[in-house]
Amino acid sequence: MNDPIISVRKLTKRFGDFTAVNAISFDVERGEIFGFLGANGAGKTTAMRMLCGLSFPTSGSGRVAGFDVMREGEKIKRHIGYMSQRFSLYNDLTVWENMQFFAGIYGMSQRESIARSNELLQRLNFAAEKDTLVGSLPLGWKQKLSFVIATIHNPGIVFLDEPTGGVDPITRRQFWELIYEAADSGTTIFVTTHYMDEAEYCSRVSIMVDGEVRALDTPANLKKQFAAETMDEVFRTLARGAKRGE
Amino acid sequence: MKKQHNFLSFVKKETLHILRDVRTMMIVLLIPVVLMILFGFAISTEVNNLNIAVVAPTRTDGVRQSIERLANNPYFTFVGYINDEQIDPMLRSAKADAVVVFDSDYERLMAMRAEGMDTKPVMQFIFDASNTNVASAGAAYLQNVMTTDHSSQQLFEMHLLYNPQMKSAYNFVPGIMGLIFILICAMMTSVSIVREKEMGTMEVLLVSPVRPIKIILAKMIPYFVISCINLTTILLIARYILDVPMSGGVGSIIFLSLLYLLLALALGLLVSVISSSQVMALLLSAMVMMLPMMMLSGMVFPLENLPKVLSPLPYIVPARWYIEAIRKVMIMGLPLTAVLKEISILCLMTVVLLGVSLKKFNDKLE
């Protein structure tokens, strides 16, 4: 079980003449919080879609959660969690109904999903809001709920696509506490973000520019390498050389 | 077992969406009832309560008999005797829709006719034709009522088969069925699929292990159930309130309708694949599906009146074939074997539509 949960080699995606992702290679260890950074248009989303089994790589190879990204997309889907940058629970269903639904589509049995939902509600301290319509919850709560629902089927790894967009600093802080908790219990976190202070929270960070991974290390080492005070400076230095615009 | 569960939770979730939205659900369930009542009673092409004034210079027995017949007819209301000068004001003020003018020599002329002689006309109808539908239908009725057993030289004998009372409900019920099912199956389903795209939830669903085709199927099931409820309501109203005969058997009608429902669902799938927003799905359904359907299905306008250039168009409107088949089975009482052509065309359309939309759907995913 000590092999990396994500391991990709020369993963490439081309759309016609355009190379969205150009031969990226990296490993993500189990239990890690892996920050996946890059300006808009750098190829982050395309890379993530390939890792989630949503899109076939043009060439290269890779394994996610033990399955081949080329051939076993469907199996990958069953073993990962995913939280989209857009809020993606159903506003017209209650907290409980949302949980039951997502547990259901991941193939959990009735008994499993009830036990697991109760456990998560307890952990969030949210049992009282069980029958509240999700639409009437404050944004911060919705975000946290999205996160725990993304982990409802106990996936080995959760992909978070800019999970804290549009959320106030206090809620962001609380959200990251949830992420730490999940990572402590062994879930690998793969997170993209635009907030450089959040990059500091990650165990390791990769920065994509023009479809390539230009830097990959712990935040501390990256700052040393680029002789920068903050991750923000590191990012700016790298992004300045970008040829692709928005 | 596991697979079953994930599909079922999908159907359950879709059902919850519909149940939560009480207003929409009420509308969907009530639309057929309202339309049926509206078209069945309020909106009809029958001519009712036509106000008739009479100019009769000599009120002989023959004239009186004619007028009595007129006054007793449920379609006409006899508003009174007037003189020549009043004809125009009566019509202008809309106190009368038509005026019947008897010749002053009525009795003598009728007697001459009875002996087989040619005479000048014995009476004149003056119609307010500002509404052409009322005027032409009314004129035909009036002529019928006033000439029976009068003219000894009856040239034609007319029999109206299948709908002897010319009830417009007979005509509209199949049309409404064609309309409702497109509305619910195609429009509601496509809007609900596109809503997930628009909300961003589709993304999460696609990352989940549920097969995309199952997402679509699960969405269709609740709407299919609603359509079946509607079908029941429509058939009940048609049979017991509007007295539509259903002479070809309820089984055949249901079979045809289920086939058409399938077709409508395939259409909805296609719309949802093409459109990227709910507004677009609505517009596509309304402008591209509903309008041509109303115009070209033969429900409102006779297809025979279409200009030559447009005449191939109705052949590709699914509703037209459905409505034609339903009309044959429901009103004319023909067995299913008589509508084999319509059935095979509907089947063919369903297969083609399903094929195209599934292909497009899969292409879109990559």
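Per chain, numbering begins at 1; letters A, B, ... match sequence-line order.
- Interface summary for chain A: among B:His17, B:Lys12, B:Glu196, B:Met202, the most heavy-atom pairs under 4.5 angstrom belong to B:His17.
- Using cut-offs of 30° and 60° on the angle between ring planes, the pair B:Tyr260 and B:Tyr322 is parallel.
- Salt bridge status for A:Glu119 with A:Arg123: present, with a side-chain N to carboxylate O gap under 4.0 Å.
- Ring centers of A:Phe159 and A:Phe190: under 6.0 Å apart, within the cut-off.
- Side-chain rings of A:Phe34 and A:Phe26 approach one another, their centers coming within less than 6.0 Å.
- When heavy atoms are compared at a cutoff of 4.5 Å, A:Ile76 does not approach chain B at all.
- Residue A:Asn98: no heavy atom, backbone or side chain, is found under 4.5 Å from chain B.
- Annotation: maximal heavy-atom pairing with chain B below 4.5 Å, among A:Ser88, A:Gly73, A:Ala150, occurs at A:Ser88.
- Under a cut-off of 6.0 angstrom, the local environment of CZ in A:Phe15 is crowded, with over 12 non-hydrogen atoms contributed by other residues, nucleotides or ligands.
- For chain B, the nearby parts of A:Thr94 are the backbone and the side chain; heavy atoms of each come within less than 4.5 Å.
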